[in-house]
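These notes are about the structure you will find just below.
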Amino acid sequence: EDKPLLILIAEAEGVLRMSDTRIDPRLLSLWPGPLTLIVSRKGGGTVGVRVPRDGFIRSVLVSAGVPLYSTSVNRSGEPPMWRISEITAEFADSVDFIVDGGDIPHGVSSTIIDVTSKPYRILRQGGNLGQGTAEGDVDPGPRIDGPAVGVEDRTEAPLSQLQPGQDHGRYGNQQDD
């Protein structure tokens with residue numbers, strides 16, 4: 001499949017080790033959470049980077065001591081899957097293992113912002129960027145507000161017409177290491 005990978009990192013400072021892209025600290029403060037930033041890679045190309053909100057995944061990242069490549073849970077061109085039963089049925093025969101963390105609450109994709117140029121470009125307006133509660137639910141929180149963080153909407157449809165998780169771009173033009 002021609003599906004781009006993104007890099008999961010344990011903490012926001014990790015993006016500085018892989019990119020020279022200057023990123024507004026207000027965007028970095030939204031991590032951990034459903035926000036993917038497209039950055040210029042040291043050595044060339046671009047890549048999507050995210051600090052996941054999930055505590056288990058972040059503990060794996062800390063233990064590994066290195067970023068991990070990931071992608072959304074779906075076949076290329078298909079909508080993301082949020083129920084573990086659907087994920088298992090679709091992928092059990094094609095992957096080595098599946099971590100069953102249960103169904104993904106709220107089923108909304110991350111917001112994707114290209115920060116490789118100014119103004120930043122929203123490639124996909126995703127879900128709420130608020131911090132999770134102890135129970136793992138998402139509290140009401142900020143959505144991307146263009147003027148507040150220097151983001152310009154360059155998606156095909158105005159933000160008012162976007163549905164959460166609607167895709168308007170790729171993670172980047174990654175190059176092999």
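Scanning for side-chain contact (heavy atoms from CB on, under 4.5 Å) contacts around V99 gives F56, F97, with sequence neighbours left out. Applying the side-chain contact (heavy atoms from CB on, under 4.5 Å) rule to E86 yields the partners M81, R83; only residues at least two apart in sequence or on another chain are considered. Residues satisfying the side-chain contact (heavy atoms from CB on, under 4.5 Å) test with S63, not counting sequence neighbours, are none. Remark: S59 engages no residue in a side chain to side chain donor-acceptor pair (under 3.5 Å) (not counting sequence neighbours). A search for side chain to side chain donor-acceptor pair (under 3.5 Å) contacts involving E11 returns nothing, not counting sequence neighbours.
To the nearest 0.5 Å, atom CG of residue L30 and atom CD1 of residue I113 are 8.0 Å apart. Here CG of D114 is found 7.0 Å from OG1 of T46. Values are rounded to the nearest 0.5 Å. Distance check: L123 CG to T36 OG1 gives 10.0 Å after rounding to the nearest 0.5 Å. Taking CZ of F91 as the reference point, atom CG of N74 lies at 6.5 Å (rounded to 0.5 Å). Distance check: L35 CG to L28 CG gives 8.5 Å after rounding to the nearest 0.5 Å. The CG atom of D54 lies 10.0 Å from the CG atom of L61; values are rounded to the nearest 0.5 Å.
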_Evaluation steps, side-chain contact (heavy atoms from CB on, under 4.5 Å), between Y69 and I7_ = CA-CA 5 Å; Y69 285 92; I7 296 178; 3.7 Å; yes
*asked:* Using the rule given for side chain to side chain donor-acceptor pair (under 3.5 Å), can you reason through S110 versus R124, listing the C-alpha separation, both sets of side-chain angles and the distance that settles it, and then say yes or no?
replied: CA-CA 8 Å; S110 67; R124 178 175 71 196; 3.1 Å; yes
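Between the side chain of R50 and the backbone N or O of P34 there is no donor-acceptor pair closer than 3.5 Å.
When each of V49, L27, I38 is paired with V115, the side-chain contact (heavy atoms from CB on, under 4.5 Å) condition holds for L27 and for no other.
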Can you give me every donor-acceptor pair (side chain of residues 14-22, partner residue at least two apart or in another chain, under 3.5 Å) with its distance?
{"unit_1": "S19", "atom_1": "OG", "unit_2": "T21", "atom_2": "N", "d": "2.9"}
{"unit_1": "S19", "atom_1": "OG", "unit_2": "T21", "atom_2": "OG1", "d": "2.9"}
{"unit_1": "S19", "atom_1": "OG", "unit_2": "S40", "atom_2": "O", "d": "2.5"}
{"unit_1": "T21", "atom_1": "OG1", "unit_2": "S40", "atom_2": "N", "d": "2.9"}

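The two residues I9 and W31 have their closest heavy-atom pair at CD1-CZ3, 4.3 Å. The minimum heavy-atom distance linking R75 with S94 is given by the pair NH2-OG, 3.6 Å. The minimum heavy-atom distance between P52 and R58, with the atom names listed, is O-CD, 2.8 Å.
Residues V95 and I87 share a hydrophobic cluster, clusters being chains of Ile/Leu/Val/Met/Phe/Trp/Tyr side chains in contact below 4.5 Å.
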